[in-house]
Amino acid sequence: MSLKGKAAITGVGDTRYSRQSGKSVTTLQMEASLAAVRDAGLDPKDIDGIIAYGSMAVVAEDYITNFGIADLRFSAVTPLGGASAVSSIQCAAAAVAAGICNHVLIPISRNGSSGAGGRIGSRVREMPQFRLIGEFEMPLGAIAPAQLYAPMARRHMELYGTTSRQLAEIAVSTRHNAILNGNAMMTKPLSIEDHQASRMISDPLRLYDCSLESDGACAFIVSSMERAQDCAKPVIQVLGVAEGHPDSPSAITQRPDLTRLGLAKAAPKAFAMAGVTHDDIDVAEVYDCFTYIVLCQLEDLGFCKKGEGGAFVQSGAIRLGGKLPINTHGGLLSQAHMAGFNHVVELARQLRGEAGQAQVADARIGLVTGYGDMGDGSIAICARA
Amino acid sequence: MNAYDYGKPTPDPTADTQAYWDGMKQGKLLLQTCSDCGTIRHYPRPVCPACYSMEHRWTEAKGTGTVHSWTISHHAFHPGFKGELPYILVTVDLAEGVRMQAQLKGADASVLKVGLPVRIAFEAATKDLTLPVFVVA
Ligand SMILES: [Zn+2]
């Protein structure tokens, strides 16, 4: 049995994204979740499955309380960091295909900018999957993702001649899209020169190679194909979905090939399941915690060969109007860091034709990726039914 | 807060890793070697990935290797590192076939390249904690 065509994204919702929400993560998450439920044309009590983002912040129990759900039949956590949102599509599709439940809500909320949880370096250390880097790398000064990922980018540059200006193209085109979005934290135009003049964080990654820290929430609903027919909006069918874990998943230092992510294992499976080719993809929302991670994923997805990602982005392919428009909402780099949940929301809007000024004309088939926890990858290929 | 505390992130060794840090204190880079098949592994962990044996011994590494990749940190993500910016972190292919990461000391960033030969040195952070660094060989 394959999960092809067994599930659909039926509802999406989000809050305003900001540096300081002034609201609790629970309030933010309920606001986004109710928006997703309304978008789907459902009643909150129709939600019978929840996949929470980690075990922090808001958990399934909060929904039983706030929504008055009488019979929550499925709850899970997909512990893949930024790959969790898309991995949750696989988890939810499996649950609805097996008949365990009908409508799975997949939410995130965070006060990542203003919150008391601390900035990213201190958060990483608390996570059990990073115990080894906590012991063997952080004491030496490799504390935050920018520092842990930079050697991957440097290796790519040394092997393939990839340049900082090519990374800049990703930041610039993403900013352009954010300005069109209407709900993005970054609203000023960005040029290649602005990127090149921005301060170095962890060489070769500059400030504008790095994503935001954000306050806000978003949510989406995955429903069984049968029940999706009852929902309000056009059905966005899940054609192919997979997750992949890289070799040496938690310690990049020990990874045999520094330039190969978990997505390289997942992408061929998702394309095969979906029965589509790369030329069929009208729009792609590609996890963008750092510009380099986008470039590497474009290669691991198979849109170009390993080492050719720099030339691919420099060609203008990823811009609106290009051969493969990506991150049409502004991504984590310029819309908000919602751990890629906002990428799923945007893909659904694109395939419904609801993406406003950044709408890709006649977008019918698209994909979304997740990347997290030092290299885990996930992908969903979706189509308007 | 632990026995090593000195204003920077410190290791919090377990029974699986304490020998590594004890070795550092004696100026030795110790690596886990499988007692059954001889495969060397790093970072320390309970099971040999080649034969699944849980028996191992600690063997001293030569301490030589070549640069696989690097980053130069210009931003302190922990206040303890503010005073030493910018600093170079190198990912090194050790002669024993595993990698490790440490700061490269006493060298200018202009010398960095894939394959640069380096060797390990030991720096006492506190009286109880010694950290590895690399220098150009
Ligand atoms: Zn063995």
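Computation of the quantities below employed the complete heavy-atom set of this structure, encompassing side-chain atoms and omitting hydrogens, waters and symmetry-equivalent molecules. Since the model is a prediction, treat every value here as computed from it, not as a measurement. Protein chains get the first letters and strands the later ones, always in sequence-line order, with residue 1 at the start of each.
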Distance-minimising heavy-atom pair for B:Leu89 and A:Leu140:
CD2-O, 3.6 Å
Contact class of B:Pro132 relative to chain A, heavy atoms under 4.5 angstrom:
both
Under a 4.5 Å cut-off applied to non-hydrogen side-chain atoms, are B:Ile72 and A:Met200 in contact?
no
Of the backbone (N, CA, C, O) and the side chain (C-beta and beyond), which part of A:Ala153 lies under 4.5 Å from a heavy atom of chain B, both, or neither?
neither
Mind checking whether B:Pro13 and A:Glu135 have side chains closer than 4.5 Å, heavy atoms only?
yes
A:Ser202 to B:Ser73 - nearest heavy-atom pair and separation:
OG-OG, 3.4 Å
Among A:Ile201, A:Leu207, A:Leu205, side chain to side chain contact (heavy atoms under 4.5 Å, CB included) partner for B:His75:
A:Ile201
Give, for atom NE2 of B:His74 and atom CD of A:Gln147, the distance between the pair rounded to the nearest 0.5 Å.
11.0 Å
Heavy-atom contact with chain B under 4.5 Å, split by part of A:Glu158
side chain
Whether over 12 other heavy atoms sit under 6.0 Å from B:Gln26 CD:
yes
For B:Arg99 and A:Thr253, indicate whether the former's side chain and the latter's backbone hold a donor-acceptor pair under 3.5 Å.
yes
Under 4.5 Å from a heavy atom of chain A, the part of B:Pro44 involved:
both
Can you see which heavy atom on B:Thr10 is nearest to which on A:Pro139, and at what distance?
C-CG, 3.9 Å
Specify whether A:Phe136 and B:Tyr20 have parallel, tilted or perpendicular ring planes, treating 30° as the upper limit for parallel and 60° as the lower limit for perpendicular.
perpendicular
Atom pair CZ (A:Arg255) and NE2 (B:His68), whose distance is rounded to the nearest 0.5 Å
11.0 Å
Measure across A:Ala146 and B:Phe77 and return the closest heavy-atom pair with its distance rounded to 0.1 Å.
CB-CZ, 4.1 Å
Is B:Thr91 in contact with chain A via its backbone, its side chain, both, or neither, using a 4.5 Å heavy-atom distance?
side chain
When you look at B:Arg41 and A:Gln254, which way does the side chain to side chain contact (heavy atoms under 4.5 Å, CB included) test go after all the steps?
CA-CA 10 Å; B:Arg41 62 184 188 262; A:Gln254 305 295 344; over 6 Å; no
Can you establish whether the number of heavy atoms outside A:Lys306 located under 6.0 Å from its atom NZ is more than 12?
yes
Most chain B-contacting option - heavy-atom pairs closer than 4.5 Å, from A:Leu159, A:Leu258, A:Ile252:
A:Leu258
Could you look at B:Tyr43 and say if it's the side chain, the backbone, both or neither that has a heavy atom under 4.5 Å from chain A?
both
More than 12 non-hydrogen atoms from neighbouring residues, nucleotides or ligands closer than 6.0 Å to CZ on B:Arg119, yes or no?
no
Could you check whether any side-chain heavy atom of A:Tyr149 comes within less than 4.5 Å of a side-chain heavy atom of B:Thr71, counting everything from C-beta outward?
no
Is there a side-chain contact between B:Val114 and A:Arg155, using heavy atoms and a 4.5 Å cut-off?
yes
